[in-house]
Amino acid sequence: MNSIWYPFTQMKTAPCPQKVISGQGAVLTLEDGRQVIDAISSWWVNLLGHARPEISRAIYEQAQKLEHVIFAGFTHEPAEKLAALLLRHLPPSLNKVFYSDNGSTAVEVALKMAYQYFVNKGEARDTFICFEGAYHGDTVGAMSLGCQSVFTRIFEKLLFKKSSLPYPATFEGDSTVQEREQEILSRARALLEQERPIAVLIEPLVQGVSGMQMCRPIFLQKLAALVKQSGALLIYDEVMTGFGRTGDWFACLKSQTEPDLICLAKGITGGFLPLAATVCTDEIYDAFYSDDPVCTFFHGHSYTANPLGCAAAIATLELLEKEPSCFTAMEKRHAPYVERLKELPFLQRVRVCGTIVAMDVKGQEGYFDHLTLRDYFLTKGVLIRPLGHVIYLMPPYCITDAQLRGIYESIFDLHDRFSANALSVVQTPFHLDRV
Ligand SMILES: *Cc1c(COP(=O)(O)O)cnc(C)c1O
């Protein structure tokens with residue numbers, strides 16, 4: 001433990017991490033024997049439960065045949081099969097799959113493709129439009145288009161050029177959302193005209209790290225129309241929203257919009273192995289398709305399209321295909337509990353999108369001792385990691401009715417804690433807790 005430097009962690013002050021021994025379905029077993037319901041799918045990656053036998057078997061079988069091979073000048077069946085499977089569930093205009101190995105690189109690839117797309121067409125563009133509160137990863141390009149925070153401020157001088165728009169976050173019973181959307185759309189129209197950006201990058205329907213902020217499909221439809229009209233590209237970062245999270249296969253399908261590029265990772269392998277994909281239209285692909293070597297997309301990673309990752313992803317997609325109700329029906333399962341949440345006096349802005357439910361703890365905006373809350377949930381046998389003052393649930397699709405009830409009971413039980421005013425408020429920056 002002393003030799004490991006943990007991500008997003010101030011090693012001097014952080015408490016010792018909890019050691020996890022095993023996972024089965026939605027339940028994690030800790031070293032001290034405690035069992036914890038994983039209500040956040042282990043950092044949003046685990047789709048179908050831990051140790052799902054179909055996926056582990058697929059990896060095992062692939063490992064006995066071919067664990068890895070260089071992906072330039074060579075190819076393999078798992079990569080080809082997975083590309084075909086992915087395209088089956090994406091809008092028909094998305095046609096070409098470029099593999100990498102994590103969400104940040106999926107975004108980085110999209111940004112470089114978009115930039116070079118205009119270079120190859122002989123059109124110079126050099127700026128992006130993104131959204132306040134966004135999170136797209138920790139590589140420099142992805143970080144550039146994420147929101148300004150204590151993390152990114154340090155690197156300010158290294159970042160790409162961009163302009164930001166507010167995210168039209170809404171919730172159940174929101175009466176002013178339409179006006180806010182209109183305001184943002186008119187600012188978008190102006191920016192698109194003035195700056196002639198390369199692309200607009202957005203987390204469609206649900207902005208994750210900023211606290212599961214949710215926007216309406218109609219906003220995406222209007223935004224997509226504006227972007228198309230302007231000649232810029234539209235990039236969807238569906239690293240978190242992909243593979244059923246929003247109640248449909250992808251947020252683009254749920255919102256009936258078609259981006260030019262889509263970034264996929266996290267749930268793609270069911271949470272078993274690191275793998276990512278950036279999928280683009282023929283039009284983008286064609287701008288690189290040339291006799292001139294300079295037009296080539298010179299980008300790749302050693303583990304690009306790792307066959308084990310592809311095998312895990314194929315098994316995951318086949319499981320989703322076999323039983324799509326595991327994600328399409330989850331919103332209905334949340335519904336009765338959501339009605340109760342709306343009545344709790346210490347909560348507000350309750351919101352739901354497919355498998356994801358989020359709520360704000362009242363009066364704690366911006367600064368909040370989320371560590372205390374996280375510990376509280378652990379004592380209740382639930383893994384929930386609030387984002388600032390936002391409590392959210394993103395369970396694996398295998399969650400049982402009893403487990404779901406247990407998770408909600410732990411939130412309802414907060415009532416006693418809040419009425420006793422037992423939670424202390426400390427000065428923790430809101431964004432400091434993707435952890
Ligand atoms: C997690 C996340 C990323 C970054 O993915 P990593 O695999 O952690 O690099 C990018 N975009 C969104 C929307 C994410 O939620």
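Just so you know, ligand 1 is whichever comes first in the structure, and atom 1 is the first atom listed for that ligand.
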With Val27 via side chain to side chain contact (heavy atoms under 4.5 Å, CB included) - residues at least two apart: Gln35, Gln403
Residues Tyr397 and Glu323: side-chain donor-acceptor under 3.5 angstrom: no
Donor on one side chain, acceptor on other, Thr241 and Glu238, under 3.5 Å: yes
Ligand-side contact atoms (ligand 1) for residue partner Ser104, heavy atom cut-off under 4.0 Å: 4 (C), 5 (O), 6 (P), 9 (O)
Arg189 and Gln229: side chain donor to acceptor below 3.5 Å: no
Met240: numbered ligand 1 atoms lying under 4.0 Å from its heavy atoms: 15 (O)
Min N/O separation Asp237 to ligand 1 under 3.5 Å: yes
Under 4.0 Å to a heavy atom of Trp44 - the qualifying atoms of ligand 1, by number: 15 (O)
For Gly137, the ligand 1 atoms whose distance to one of its heavy atoms is below 4.0 Å: 4 (C), 10 (C)
Proximal ligand 1 atoms for Glu203, defined as those under 4.0 Å from one of its heavy atoms: 13 (C)
Phe243: which of Phe327, Trp249, Phe250 passes ring pair (Phe, Tyr, Trp, His ring centres under 6.0 Å): Phe250
Tyr135 contact mode with ligand 1 (heavy-atom cut-off under 4.0 Å): both
Contact partition for His136 relative to ligand 1, non-hydrogen atoms under 4.0 Å: backbone
Test of proximity, Gly103 against ligand 1: N or O pairs below 3.5 Å: yes
Sub-3.5 Å N/O-N/O distance, Lys266 and ligand 1: yes
Counterpart residues, side chain to side chain contact (heavy atoms under 4.5 Å, CB included), relative to Ala315 (two or more places apart): Ile55, Ala58
Sub-6.0 Å ring centroid separation between His299 and Phe297: yes
Proximity to ligand 1 by part of Val239, non-hydrogen separation under 4.0 Å: side chain
Donor on one side chain, acceptor on other, Gln221 and Thr257, under 3.5 Å: no
